Amino acid sequence: MEVSSSFRETFVHLVNDIFPELTTGEPLFNVLAASAILLVSVVIYIIARLLIRPQIARIVYKSNNVWDNALQEYGFFRRLMHLFPALFIYITTPILIDEGAVLRGFLIKSAQLYMLYSGLLALYAMLSTVEYVYNSSSLAKRAPITGFIQVTKLAFAIVTILLSISLIVDRSPLLIVSGLTAIAAVLLLIFRDTILGFVAGIQIAANRMFNTGDWISMQKYEVDGEIKEIGLTNVKVQNWDKTISTLPTYSLTTEAVKNWRGMQESGGRRIKRAIYLDIHSIKLCDNDMLERFSKIRYINDYIEKKKNELQAYHRDSSIDESDLLNSRRLTNVGTFRAYLEAYLRKHPHINQELTLMVRQLPPNELGLPLEIYCFSARQDWVDYEKVQADIFDHVIAMLDPFDLRAYQRDSHLSSLHLAREVEKTSG
């Protein structure tokens, strides 16, 4: 009290030196006091901004901590500087301006609102720092917290607005909250997406359904790309054509979504493609064909093994190998299938720990589908496509050595095949 009294007396003496007949009860005195308070508060802010803040920044950047650098980047210390002039206004106004004056109430409420919103912005910076530090850690791969941070910010914003209204109207915040129940239905309608997004965020985090960096596909929204941000109300996805799609957060839990994370974590990306063989090119292998196939890399042991098996079978069953009706013989398509599987087993870019097979699908009007089912060890899209293309380049090129033809809907090929058959018959 003594300090405040002496401070007031000093200010009154200074004012009387300029305006000797001015008393403390006159409006001009209150205007001069308010002007002085505002002027000094501006000076205090400039000093804090030019002197204190650079010192804080210098200390922060010298440290090796991540969190204090993030606080500096998100403007936490800069926003705290606003509290100094607000506190000065709040403390000095009751000292210099008499109670009952309009300016006194106006300045005190303004200072309170100033401190309230400065504190809110500083709190926002702290929450953003928490989000940044969390996203930089390994925990971010388990569950995103962006939605929860945004909910927290929204909650503090609502509390700040309620406190602001209560300060302006001089009513208890509880009274204002009780009055809001009358318009609860309207508020639910306004914050519908926010509420749905918050609930969806809890489901996503609890079940580890999605995370930033996941590759998702949603046919309904024509989305196919990587999740960049999971927010309270929106999810940002960067498609592979570099466009950005923004989806409601709750759509991740209510719509059909394909998450490719399992593929990324498995160490392989599936190759599942078939080539259609012309059924007319499938035939039994004679000795000349087997002799030729035995010289092909990867299947020479397979040919010898099959020859021995067939010889043992014919011997045990008393079947003459020249008996075409009862003897067992290899086919060019079966041998080709064995070759492809052996080729894939030796391929350096195929994951050998995952499913690998070459299988026949049911024949149809396009021929006999021969499908390759395996997993590329390279998951990046460009590398994956190169591996897949290289494999099928080789598959198509090796058809001719096995006396096979790929089906192609082309009348020229059909007529060529017919001409060859006629030539064989006439010869």
Side-chain angles (χ1 to χ4, degrees), residues 267-363 367-378 383-408 413 417 420-421 424:
R269 184 169 178 179
R270 189 179 70 173
I271 296 175
K272 183 176 180 290
R273 181 182 292 182
I275 182 172
Y276 287 82
L277 302 179
D278 189 345
I279 293 180
H280 296 95
S281 65
I282 298 175
K283 55 188 173 183
L284 298 172
C285 296
D286 55 24
N287 291 330
D288 293 337
M289 293 175 65
L290 292 177
E291 184 66 24
R292 181 157 44 90
F293 294 163
S294 63
K295 297 178 182 180
I296 299 177
R297 189 183 180 187
Y298 300 139
I299 58 170
N300 46 3
D301 293 337
Y302 169 82
I303 297 296
E304 292 299 322
K305 179 182 177 181
K306 284 297 182 180
K307 281 183 178 180
N308 295 331
E309 288 181 2
L310 293 178
Q311 289 176 358
Y313 171 79
H314 293 149
R315 184 176 60 252
D316 296 339
S317 302
S318 301
I319 298 176
D320 188 354
E321 293 185 11
S322 60
D323 186 353
L324 299 180
L325 294 178
N326 298 307
S327 64
R328 289 176 53 193
R329 300 171 66 182
L330 296 176
T331 63
N332 59 346
V333 67
T335 307
F336 182 60
R337 181 162 46 84
Y339 166 78
L340 290 182
E341 185 170 340
Y343 166 74
L344 294 174
R345 293 289 180 190
K346 298 294 185 179
H347 200 289
H349 300 312
I350 297 299
N351 191 320
Q352 303 298 327
E353 297 179 358
L354 300 177
T355 304
L356 189 156
M357 62 179 172
V358 181
R359 62 175 182 168
Q360 290 183 11
L361 300 179
L368 176 66
L370 192 65
E371 183 184 78
I372 289 179
Y373 191 103
C374 60
F375 289 82
S376 167
R378 294 187 174 182
D383 293 337
Y384 162 79
E385 292 293 347
K386 288 181 179 179
V387 172
Q388 184 171 239
D390 289 342
I391 289 174
F392 277 87
D393 287 347
H394 184 77
V395 170
I396 296 173
M398 288 299 293
L399 288 176
D400 188 62
F402 285 89
D403 295 342
L404 292 168
R405 287 190 307 273
Y407 177 84
Q408 184 172 346
L413 294 180
H417 170 66
R420 287 180 177 178
E421 292 298 327
K424 289 181 180 179

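This structure is a prediction, so every number in the text was calculated from the model and none was measured.
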> Grab the two heavy atoms, one from S294 and one from N300, that are nearest each other, plus how far apart they are.
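S294 and N300 have their closest heavy atoms at O-CB, 3.1 Å.
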> Measure the spacing between CG of L370 and CZ of R273 and express it to the nearest 0.5 Å.
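The CG atom of L370 sits 14.0 Å away from the CZ atom of R273.
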> Are the side chains of Y339 and V358 in touch, meaning some heavy atoms are under 4.5 Å apart?
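Result no, sub-4.5 Å side-chain heavy-atom pair not found.
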> So, for F402 and T335, which heavy atoms are closest and what is the spacing to 0.1 Å?
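Reported closest heavy-atom pair: CE2-CG2, 3.8 Å.
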> Is the shortest side-chain heavy-atom distance between Y373 and R270 below 4.5 Å?
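Yes, their side chains come closer than 4.5 Å.
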> Start with the C-alpha gap between V395 and Y343, add the side-chain angles, then the distance that decides, and say whether side chain to side chain contact (heavy atoms under 4.5 Å, CB included) holds.
CA-CA 10 Å; V395 170; Y343 166 74; 5.5 Å; no
> Over all heavy atoms of both residues, which pair between R329 and D286 is shortest? Give the atoms and the distance, please.
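Looking at all heavy atoms of both residues, the closest pair is NH2-CA, 3.6 Å.
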> Does the side chain to side chain contact (heavy atoms under 4.5 Å, CB included) test come out yes or no for V333 and Q360, once each step is laid out?
CA-CA 10 Å; V333 67; Q360 290 183 11; 4.1 Å; yes
> With a cut-off of 6.0 Å (strictly less than), are more than 12 heavy atoms of other residues, nucleotides or ligands near NZ of K386?
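Not more than 12 within 6.0 Å, no.
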> For P369, which of I275, L361, L277 qualifies under side-chain contact (heavy atoms from CB on, under 4.5 Å)?
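Single side-chain contact (heavy atoms from CB on, under 4.5 Å) partner of P369 among I275, L361, L277: L361.
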> Give, for atom OH of Y407 and atom NE2 of H280, the distance between the pair rounded to the nearest 0.5 Å.
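Rounded to the nearest 0.5 Å, the OH-NE2 separation comes out at 10.0 Å.
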> Drop me the distance from K272's NZ to T355's OG1, to the nearest 0.5 angstrom.
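Separation between the atoms: 12.5 Å.
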> Working to the nearest 0.5 Å, report the span between NZ of K307 and CG of L330.
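Separation between the atoms: 9.0 Å.
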> With heavy-atom distances below 4.5 Å as the criterion, would you say the side chains of Y384 and I271 are in contact?
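Yes, side chains in contact.
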> I303 versus I296: any side-chain heavy-atom pair under 4.5 Å?
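Counting from C-beta outward, I303 and I296 never come under 4.5 Å.
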> With a 4.5 Å limit on heavy-atom distance, are the side chains of L404 and I282 in contact?
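Of all side-chain heavy-atom pairs linking I282 with L404, at least one is under 4.5 Å.
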> Look at the side chain of R292 and the backbone N and O of P401, then say whether any donor-acceptor pair between them is shorter than 3.5 Å.
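Yes; at least one donor-acceptor contact below 3.5 Å.
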> Mind checking the OG-CD1 spacing from S376 to I350? Nearest 0.5 Å is all I need.
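Between atom OG of S376 and atom CD1 of I350 there are 5.5 Å.
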> In Å and rounded to the nearest 0.5 Å, what is the SG to CD distance from C285 to E291?
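That separation rounds to 12.5 Å.
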> Do side-chain atoms of Q352 reach the backbone of L344 as a donor and acceptor pair under 3.5 angstrom?
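Such a contact is found between Q352 side chain and L344 backbone.
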> Restricting to non-hydrogen atoms, name the atom on Y302 and the atom on G334 that form the minimum distance, rounded to 0.1 Å.
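Closest approach of Y302 to G334: OH-O, 4.1 Å.
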> Would you indicate whether the side-chain heavy atoms of K283 and M289 approach each other to under 4.5 Å?
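Heavy-atom side-chain distance check passes, below 4.5 Å.
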> Side chain of N332, backbone of S281: donor and acceptor closer than 3.5 Å?
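Yes: the side chain of N332 pairs with the backbone of S281.
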